[in-house]
Amino acid sequence: MEGTNAKYVSQKISKTRWRPVSSSSLQQPDVFATGSWDNEENKISLWSIGEEISGMEAEFEGDPQLLCECKHGGDVLDLNFLDQERIVTASSTGAVSIYHLHPNSQTLSVSQCWTRAHHYPCDDAPCTGVVCKSPEIVTVGEDGRINLFRADKQAVIRTIDNADSSTIHAVTFLRTAEILTVNSIGQIKTWDFRQQSNTPAQILSQAGDRVPLHCVARHPNQQHIVATGGQDGMLCIWDARQGKAPASLMEAHTAEMWEVHFHPTNPDHLFTCSEDGSLLHWEMTSGSETASFLQGGRNNSVLSRSAVAPAGGGQSLSAWLSGDSSKGRLETTHMLPSQTLSVNSLDVLGQCLVCGTDGEAIFVNRQVPV
């Protein structure tokens, strides 16, 4: 897609995240972090897409430049910024680590580590997901455990040991004291840390086959609207206020969907990536009698109630949950050239999108049409 730069980095990229920018500024993001997996030595790396063109060889403007990197024990299974100078990682060893960026020296170092945050009785268990709302950090794992940490305390604040009998694949905040988790038997569970009970406040699941869910995202303005993706490549939109099944089901990918993200400030735009090597941009537009899919020739269809309605930030509620397809359309666009290897992770902020692949490439687009 126009405006996309590729950077080949000699390591499989498992996670990519933009460093946050001030919400009060109009600044576009210019620094992102990556984590690697399935390499002899895995790393956390920080990259800049600033305008500077350094070195004797001419570089494309906006081509990612490595700022610094640090070794990471085990595969990086998740990664999130706690604030502008701290990154929290989830490891296949079960460890949760906080990396601190030292701006003056442009170096990264581990400032805190919970080595066996996730474990089985006799072995480590991979930590599969982490979400941050400074100073709080929530992690989930293959052991079915949920941990609540604070960045300023070494001791765990709270642990729900048997939160799930299956692997918890991902976690996100629903509200300040509430989280959402998705698991390997197709369930979404909501948890309220204000309650002493170690049971979920709510459980949502698809009817029929228990398809594992790999990723979850909450609508930034309408907190009850939740998007998930999983093993079957379907994009599911849920209304957490009512019903136990998805409000909308849409064919998205031909293999596992690894991540789904609403655009943080224009949630009529949504992005998904997959094992099938594709990265899709979903956009609500108006003025069509049917749902239109611009999938490069793929014949995709909405399988249940169509999630389409007038565009515009204020209409996002009805746009994703409405069953009346006559009010608008949903367009999808491929964001990458033809890929053969998995697109494992994506992040979008402002007009900038970054993704990482098993093809040892990072793709950055600074002209995302949102």
Between Arg17 and the options Leu346, Thr34, Asp78, the side-chain contact (heavy atoms from CB on, under 4.5 Å) test singles out Asp78
Worksheet item: Heavy-atom distance under 4.5 Å between the side chains of Met234 and Glu251, does that happen here?
Response: yes
Practice task
Would you please indicate yes or no on a ring centroid separation below 6.0 angstrom for Phe262 and His219?
Solution key: yes
- Do the side chain of His263 and the main chain of Gly350 share a donor and acceptor less than 3.5 angstrom apart? yes
Given the options Thr333, Thr272, Asp268, Trp282 meets side chain to side chain donor-acceptor pair (under 3.5 Å) only with Thr272
Exercise for review: Please determine if Lys15 and Asp75 form a salt bridge, counting it only when a charged side-chain N lies under 4.0 Å from a carboxylate O.
Suggested key: no
Handout entry: N/O donor-acceptor pair under 3.5 Å between Trp258 side chain and Cys215 backbone
Key = no
Of all heavy-atom pairs linking Ser184 and Pro212, the shortest is O-CG, 3.4 Å
- Would Val88 and Phe149 satisfy side chain to side chain contact (heavy atoms under 4.5 Å, CB included), going step by step from the backbone distance to the final call? CA-CA 11 Å; Val88 184; Phe149 300 101; over 6 Å; no
* To do: Please confirm whether the backbone N or O of Gln196 pairs with a side-chain atom of Arg158, one donor and one acceptor, at under 3.5 Å?
  => yes
Practice item. With side-chain hydrogen bond (donor to acceptor under 3.5 Å, both in side chains) as the test, would you mind laying out the steps for Thr159 and Asp161 before giving the verdict? Key: CA-CA 6 Å; Thr159 295; Asp161 270 321; 5.4 Å; no
Quiz item: Can any side-chain N or O of Asp143 pair as donor or acceptor with the backbone N or O of His119 at less than 3.5 Å?
Solution: yes
> Mind checking whether Leu148 and Ile179 have side chains closer than 4.5 Å, heavy atoms only?
Replying inline: no
| message | Tell me whether the rings of His169 and His214 are parallel (<30°), tilted (30 to 60°) or perpendicular (>60°). | response | tilted
